[in-house]
S.K.: 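Before we start, here is the structure in question, set down as structure tokens.
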Number of protein chains: 2
Amino acid sequence: MLKPIQNRTRATRARLIETAQGIIAAKGYGALRVEEVVQTAGVAKGTFFAHFAGKDGLMELMIGAQIDAFLDEAETWPAPQTIDDLITQIMPLIQFMTSERYVFDVILRHSGAAAREEIGPIAQTFTRQVDVVSRWLSDSPFRKDISGYLLAEGIQAFSVQAMALHFCAVNNSETMEDRLRIYLDAWLNPRLAS
Amino acid sequence: MLKPIQNRTRATRARLIETAQGIIAAKGYGALRVEEVVQTAGVAKGTFFAHFAGKDGLMELMIGAQIDAFLDEAETWPAPQTIDDLITQIMPLIQFMTSERYVFDVILRHSGAAAREEIGPIAQTFTRQVDVVSRWLSDSPFRKDISGYLLAEGIQAFSVQAMALHFCAVNNSETMEDRLRIYLDAWLNPRLAS
DNA sequence: TTCTAAAATTGACCACGGTCAATTAACTTT
DNA sequence: AAAGTTAATTGACCGTGGTCAATTTTAGAA
């Protein structure tokens, strides 16, 4: 008793998503306008909002799917043995997340951030990212005094910090990789306090 | 030759800010509408935008000022000797930052985030926070293998992470203090890898 | 085939932030 | 004081996301 979804609905939704993807491919996430999606897809505005929880809802889907794709690939890689390896392996994801200011904003807004009851797509990818990285770490030569899960959470926190600074005019002398390396070295390889 | 500011301007601006503060005090940051500010202050809408860089610009000022007030007080405190002390000393700030979802969003959006050339008020408070905390740490019994500045940056990153999770429905079993304590203990007091 | 209830769609309408050419007020200069 | 110049203010207007009562389409029941 849980399948009252008409074909029409599926088709409309698919067309909307397809149209949105086209616009994003052509002009980027930040340039997407609901009006344009709706007109190009040939449906009324109200229909859009019947299918998605607003523009942000659509963005969550699109961006979440993209992040998931990166995580799919990341999952196939072996456990990094050095910090540079680790950075290399998460850079594609970070590159995407910072590809547009708008994208980063949407991600931040929805990262730990399901105001509603159920957890949103982007928040899910954050959880998943911690899982993936934490699995890597169980086979990596980094500090073992804390759990891989906590370690992975820290990597996420520092990644966000590095990405935020990336958008700050003042901090643009250093590359993001450099910043990340400094953070992660301090986090993953603490030297004993003398 | 750098004082062509008329009194009228100062007065208008002051009235606008005053009005905004009143609305915020009464209904919170998220409920502020430019229309209401403008009508209550008795000026035209265009005037508002002649004085501030949009609603976000005003919010940057108001929220930035509030954060600065917390940092003013924080600066008078002695260097924390334990992680619990440290948490106690930054909690007022964190409490304010998470007092409203809207406030946290504005802060994130402007934290490392001056899209323009000059650094915005909120981004400045982030820099200042690192300075304040880093000054504390020079007199604290935490790890010494990395600079106090880097240590402070990490505290900021973990604070943001803890705050983001605070707004996530899934992670609400733990209190923010608990989360922070776990993060900061791992960051500031790493045990030697065996 | 016809009727009916539920689901999907429509588009006029609203809220709200933001713009800008035109107007008014405030100062200089003569 | 009058004319000229710059700065401040105005408000009609726009872009864009979002709403919702009314309408159309669909799937089954009679």
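Keep in mind that what you see is a predicted model, and the values were worked out from it rather than measured. Each chain gets a letter, A, B and so on, in the order the sequences are listed, and its residues count up from 1. The figures that follow rest on heavy atoms only: side chains count, while hydrogens, waters and symmetry mates do not.
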S.K.: Could you go through the side chain to side chain donor-acceptor pair (under 3.5 Å) check for Thr175(B) and Asp178(B) one step at a time?
M.R.: CA-CA 5 Å; Thr175(B) 70; Asp178(B) 286 341; 3.2 Å; yes
S.K.: Show, in sequence, the C-alpha distance, side-chain angles and deciding distance for Ile67(B) and Ile107(B), and conclude whether the side chain to side chain contact (heavy atoms under 4.5 Å, CB included) test is met.
M.R.: CA-CA 10 Å; Ile67(B) 296 178; Ile107(B) 290 172; 4.1 Å; yes
S.K.: If we check side-chain contact (heavy atoms from CB on, under 4.5 Å) with Glu174(B), which of these qualifies: Leu180(B), Leu165(B), Ile182(B)?
M.R.: Ile182(B)
S.K.: dA7(D) P sits how many Å from His51(B) NE2, rounded?
M.R.: 14 Å
S.K.: Starting at atom CD of Gln39(B), determine the distance to atom P of dG11(D), rounded to an integer number of angstrom.
M.R.: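 In whole Å, dG11(D) P and Gln39(B) CD are 12 Å from each other.
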S.K.: Atom CZ in Phe158(B), atom CZ in Phe158(A): separation rounded to 0.5 Å?
M.R.: 4.5 Å
S.K.: Please state how far atom CZ in Phe52(B) lies from atom P in dT9(D), giving the value in whole angstrom units.
M.R.: 11 Å
S.K.: Report each atom pair, protein N/O against N/O of nucleotides 15-19 of chain C, whose distance is under 3.5 angstrom.
M.R.:
from: dC16(C); atom 1: OP1; to: Arg33(B); atom 2: NE; distance (Å): 3.0
from: dG17(C); atom 1: OP1; to: Lys55(B); atom 2: NZ; distance (Å): 2.8
from: dG17(C); atom 1: OP2; to: Val34(B); atom 2: N; distance (Å): 3.1
from: dG17(C); atom 1: N7; to: Lys45(B); atom 2: NZ; distance (Å): 2.9
from: dG18(C); atom 1: OP2; to: Lys55(B); atom 2: N; distance (Å): 2.7
from: dG18(C); atom 1: N7; to: Lys45(B); atom 2: NZ; distance (Å): 3.4
from: dG18(C); atom 1: O6; to: Lys45(B); atom 2: NZ; distance (Å): 3.1

S.K.: Please determine whether side chain to side chain contact (heavy atoms under 4.5 Å, CB included) holds for the pair Leu188(B) and Leu86(B), giving the CA-CA distance in whole Å, both sets of side-chain angles, and the decisive distance to 0.1 Å.
M.R.: CA-CA 11 Å; Leu188(B) 298 176; Leu86(B) 174 59; 3.5 Å; yes
S.K.: Taking Asp145(B) for its side chain and Arg191(A) for its backbone only, find out whether a donor-acceptor pair lies under 3.5 Å.
M.R.: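 Yes, the answer is positive, given that a donor and an acceptor are paired below the 3.5 Å cut-off.
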S.K.: Within this structure, what is the CZ-to-C1' distance between Arg15(A) and dT9(C), rounded to whole angstrom?
M.R.: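 Taking CZ of Arg15(A) and C1' of dT9(C), I get 11 Å after rounding.
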S.K.: Tabulate protein N/O versus nucleotide N/O from nucleotides 21-27 of chain C, keeping only pairs under 3.5 Å, one per line.
M.R.:
none

S.K.: What nucleotide among dT9(C), dT10(D), dA8(C) has an atom nearest to a side-chain atom of Thr47(B)?
M.R.: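 Closest nucleotide to the Thr47(B) side chain: dT10(D).
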